[in-house]
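Just so it is clear, the model here is predicted, and its values are computed rather than measured. Letters A, B, ... mirror the listed sequences (proteins, then strands); counts begin at 1.
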2 protein chains.
Amino acid sequence: MPRDEPLAADVPLVHLLRTAHTRLTRASAEALARHGVDAQDLALLTALADTAPLPQSGAAHHLGLDRTTLSALPDGLEDHGLVRRRRSPEDRRRNLIDLTPAGRECLRRAQDAHRAAETRFLAALDEDTAATLIRALRRLAAATPPH
Amino acid sequence: MPRDEPLAADVPLVHLLRTAHTRLTRASAEALARHGVDAQDLALLTALADTAPLPQSGAAHHLGLDRTTLSALPDGLEDHGLVRRRRSPEDRRRNLIDLTPAGRECLRRAQDAHRAAETRFLAALDEDTAATLIRALRRLAAATPPH
DNA sequence: TATTGTTATACTCTATAACTATA
DNA sequence: TATAGTTATAGAGTATAACAATA
């Protein structure tokens with residue numbers, strides 16, 4: 001992450017967005033660190049909870065990463081017994097990643113920690129404003145081209 | 001910039017913020033490129049318009065960059081005749097950066113281009129929602145610690 | 001020929017360390 | 001001693017290229 005300065009009076013929207021993203025990312029990272037995972041770990045565990053077992057190529061696509069970038073991600077999780085890898089019997093090129101019971105438990109705790117950080121982050125807003133913020137961001141994501 | 005995937009149904013706030021930031025950044029960068037500058041150039045030109053002449057250390061602080069990172073930034077702008085550097089007479093360690101008339105003109109156009117990109121980005125929202133979004137982001141920035 | 005996973009390499013953006021010149 | 005600016009170097013985080021195994 002780059003830097004995170006206090007904001008001047010008239011700040012372009014792009015800086016407001018960066019500041020919000022940076023600060024929530026840091027708050028979440030601190031919360032997740034207590035459970036031994038980072039944001040990418042959580043993203044992978046979450047993807048696996050939905051659709052495991054998942055080949056690495058599928059996980060990479062799900063996380064929006066190159067398959068070469070994803071390659072190292074399961075290593076640490078496997079060392080900690082949170083995921084398992086095995087060759088697919090149908091297509092022996094594929095490495096299927098799956099959650100272990102410990103992985104499911106870690107995911108549950110990490111998700112709680114992340115949600116709590118998100119809630120604390122939004123605490124400065126009243127409920128209506130927070131809901132409007134999220135709806136607006138969703139709409140912007142839907143309305144602008146991914147690339 | 002990392003990646004920019006379409007968003008799934010239930011997306012954490014941090015991903016919504018990243019997506020919004022990524023897409024507005026790209027839209028702005030494309031608009032600025034037509035004027036031969038990037039976001040950092042614009043940030044420096046804007047800082048200079050307010051407070052020039054500014055020593056590089058001051059500009060670095062203003063932009064939230066290390067002075068070593070800022071060091072190369074004025075080079076390109078100087079080559080294009082948009083800023084000038086001169087030694088401070090009072091403290092000959094300081095390199096004062098100042099806008100040229102061409103720099104002021106470029107800044108005006110670049111700011112217009114950026115504002116237009118911002119307006120296009122927000123076009124998916126009605127006016128009230130856009131105003132609430134910006135107010136909410138400001139409040140979050142004010143309520144969360146910079147570091 | 002094409003795809004999966006791995007490794008080596010490169011690129012971008014940032015910071016830290018070391019230097020010169022000034023104070 | 002301390003600070004301003006520069007350069008060299010290192011570190012994250014990402015991608016591209018090349019490879020072996022498999023389809």
To the nearest 0.5 angstrom, please state how far the OG1 atom of B:Thr25 sits from the CG atom of A:Leu17.
-> 8.0 Å
To the nearest 0.5 Å, how far apart are NE2 in A:His21 and OG1 in B:Thr19?
-> 8.5 Å
Separation of C:dT20 atom C1' from B:Arg94 atom CZ, nearest Å, is 17 Å
For A:Thr129 and A:Asp126, test the side chains for any donor-to-acceptor distance below 3.5 angstrom and give the result as yes or no.
-> yes
Rounded distance in Å - CG (A:Leu70) to P (C:dT7) | 13 Å
Under 4.0 Å between a side-chain N or O of A:Arg85 and OP1 or OP2 of C:dT6?
-> yes
Does B:Gln40 have a side-chain nitrogen or oxygen under 4.0 Å from the phosphate oxygens OP1 or OP2 of C:dC13?
-> no
Polar atom pairs between nucleotides 9-11 of chain C and protein, under 3.5 Å, N or O only, would you list them?
none

Take atom CZ of A:Arg92 as the centre, draw a 6.0 Å sphere, and report whether it contains more than 12 heavy atoms from other residues, nucleotides or ligands.
-> no
What integer distance in Å separates A:Leu73:CG from C:dT6:C1'?
-> 15 Å
Between P of C:dT4 and CZ of A:Arg86, the distance in whole Å = 17 Å
So which pairs with a foot in residues 29-42 of chain B pass salt bridge (Lys or Arg N to Asp or Glu O under 4.0 Å), sequence neighbours left out?
-> none
side-chain hydrogen bond (donor to acceptor under 3.5 Å, both in side chains) with A:Gln56: of A:His61, A:Arg67, A:Arg85, only one passes, and it is A:Arg85
Once you round it to whole Å, what is the distance between P of C:dT4 and NE2 of A:His61?
-> 12 Å
Atom-to-atom span, CG of B:Leu63 to P of C:dA15 - whole angstrom = 11 Å
Letter per nucleotide, 5' to 3', of nucleotides 16-23 of chain D [B base touched, S only sugar-phosphate touched, - untouched; heavy atoms, 4.0 Å] | BBB--BBS
Rounded to the Å, how far apart are B:Leu54 CG and D:dG5 C1'?
-> 14 Å
Would you say B:Asn95 reaches C:dA21's phosphate, i.e. side-chain N/O to OP1/OP2 under 4.0 Å?
-> no
